[in-house]
Colleague: 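This is the structure I want to talk about, given as structure tokens.
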Amino acid sequence: MTAAAPGLVLVLNSGSSSIKFQLVDPVVGTVPLSGLVEQIGEPDGPVADHAAGLRLIHRQLTDSGIDLAAVRAVGHRVVHGGNLFYAPTLITDEVVAEVARLSELAPLHNPANVIGIELARKDFPDVPHVAVFDTGFFHSLPAAAASYAIDHDVATRYGIRRYGFHGTSHEYVSGEVAVLLGREPRELNIIVLHLGNGASASAVRGGVAVETSMGLTPLEGLVMGTRSGDIDPGVLFHLNRTAGLDIDELDELLNRRSGLKGLCGVNDFRELLEQRAAGGSRAEAATLAYDVYIHRLRKYVGAYLAVLGRVDAIAFTAGVGENAPSVREDALAGLDGLGIVVDPQRNRSGKGARVISTDASPTTVLVVPTNEELAIARAAWQFV
Ligand code: AMP
């Protein structure tokens, strides 16, 4: 047996106001170094712009004592690949230009991704840089799931369709479910519930995504930390006409002041649970927020059961999905008739990837920690 070639992948996740990084051993899965630069570009923040953020990261890397010659590839999380990119893609000048052009579809994210890519290519000029797209896994959505029922010509001209996001996580978690169950992905129908600050659901048939809750942008679907998820678009027309809110104010309302934060004032799920338990007037709002969140989640589970016809596994992942047993219990309570039976004891104990349904439950319910960085590192490693 030959040992794997030694090497590390630097994984960069440049957001609108933060850059996360990890040095990942893509073969073993270990992370010798990770870090986060936050509050980029904020008025009183310590980091003026993404260039300064990248310089800070470069200093952390050089100060770590890790031999940077071991970095054999850089993997970049890119939010929107539009209709152009779905597989992990070796970054060239042309790819950077296309990712920049796709900023129209993701104005908060793609520009930050481009800056991160350009700076990192200067810092690591001699290794492959690979873009991994958040939309990629959902390229396979059937037209019936991807299309909005609007004027076909308008949709075509402006690229209006459901693209889906969190794809790296949904793909990774559905793959891990197959590993944990000791089954082939092609044999399995899986619902993945990615419940973090952003939240999305997907239906995966035989390893291929057939439905997901996010759309043209990451605003559609489940209730999120600060995003409304599904809402009647008529609300926007109404608020414009009656309250005089313009398009930017409506954007801000739905993306930043809605979801859990809109309903009860906090977007952090732990704080919501504390508020709800504390009693008093604020508990009422927190209880409503919790109930709306759970109700939406149950609706999606029911819808995806119908989309898939038969569901072998339901997997919870991300901050809330991995750490909030009450959410898992309440989202699936009373679904015995549909073949879903959570074991309360298993659900409340244990750590890491595990089964939380009863042995007799026809559908296996699991908690599967997501690991987007490892998935990106593995994808980038293919190009070494
Ligand atoms: P993520 O975006 O995946 O990092 O998830 C962030 C969300 O997970 C935040 O709303 C956190 O409050 C939530 N979260 C993290 N740990 C817990 C926990 N122990 N219980 C409930 N929610 C949690």
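Order of appearance sets the numbers: ligands from 1, and atoms from 1 within every ligand. All values derive from a computational prediction rather than experimental measurement.
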Colleague: Under 3.5 Å between any N/O of Leu195 and any N/O of ligand 1: does that happen in this structure?
Modeller: no
Colleague: Assign the ring pair His139 / Tyr86 to parallel, tilted or perpendicular, where the plane angle (0 to 90°) is split at 30° and 60°.
Modeller: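 The arrangement is parallel - the two ring planes meet at less than 30°.
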Colleague: Under 4.0 Å from any heavy atom of Ala318, which atoms of ligand 1 are there?
Modeller: 3 (O)
Colleague: For atom 18 (C) of ligand 1, which candidate among Asn323, Thr370, Leu260, Asp268 holds the nearest heavy atom?
Modeller: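 Answer by nearest heavy atom: Asn323.
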Colleague: Between Arg161 and Tyr163, is NZ or CZ placed under 6.0 angstrom from the six-membered ring centre and within 45° of the ring axis?
Modeller: yes
Colleague: Identify the closest protein heavy atom to atom 14 (N) of ligand 1: which residue and atom is it, and at what distance?
Modeller: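 Ranked first by proximity to atom 14 (N) of ligand 1 is Gly319 O, 3.6 Å.
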Colleague: Check this for me: does any side-chain nitrogen of one of Arg257 and Asp251 sit under 4.0 Å from a carboxylate oxygen of the other?
Modeller: no
Colleague: Return the closest protein heavy atom for atom 10 (O) of ligand 1 as residue, atom name and distance.
Modeller: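 Looking only at protein heavy atoms, the one closest to atom 10 (O) of ligand 1 is Phe269 N, 3.0 Å.
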Colleague: State, to 0.1 Å, how close Tyr290 and Leu273 come at their nearest heavy-atom pair, and which atoms those are.
Modeller: CE1-CD2, 3.9 Å
Colleague: Would Tyr304 and Val204 show up in the same hydrophobic cluster when neighbours are defined by side-chain heavy atoms closer than 4.5 Å?
Modeller: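 No, no single cluster joins them.
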Colleague: Which of the numbered atoms in ligand 1 are under 4.0 angstrom from any heavy atom belonging to Gly196?
Modeller: 1 (P), 2 (O), 3 (O), 5 (O)
Colleague: How far is atom 2 (O) of ligand 1 from its nearest protein heavy atom, and which residue and atom is that?
Modeller: Asn197 N, 2.9 Å
Colleague: Between Phe316 and His194 (judged by ring centroids, cut-off 6.0 Å), do the two rings come close enough to count as a pair?
Modeller: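 Ring centres of His194 and Phe316 not closer than 6.0 Å.
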Colleague: If you measure from atom 7 (C) of ligand 1 to every heavy atom of Val266, Val320, Leu272, which option wins on shortest distance?
Modeller: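 Residue with the shortest heavy-atom distance to the ligand atom: Val320.
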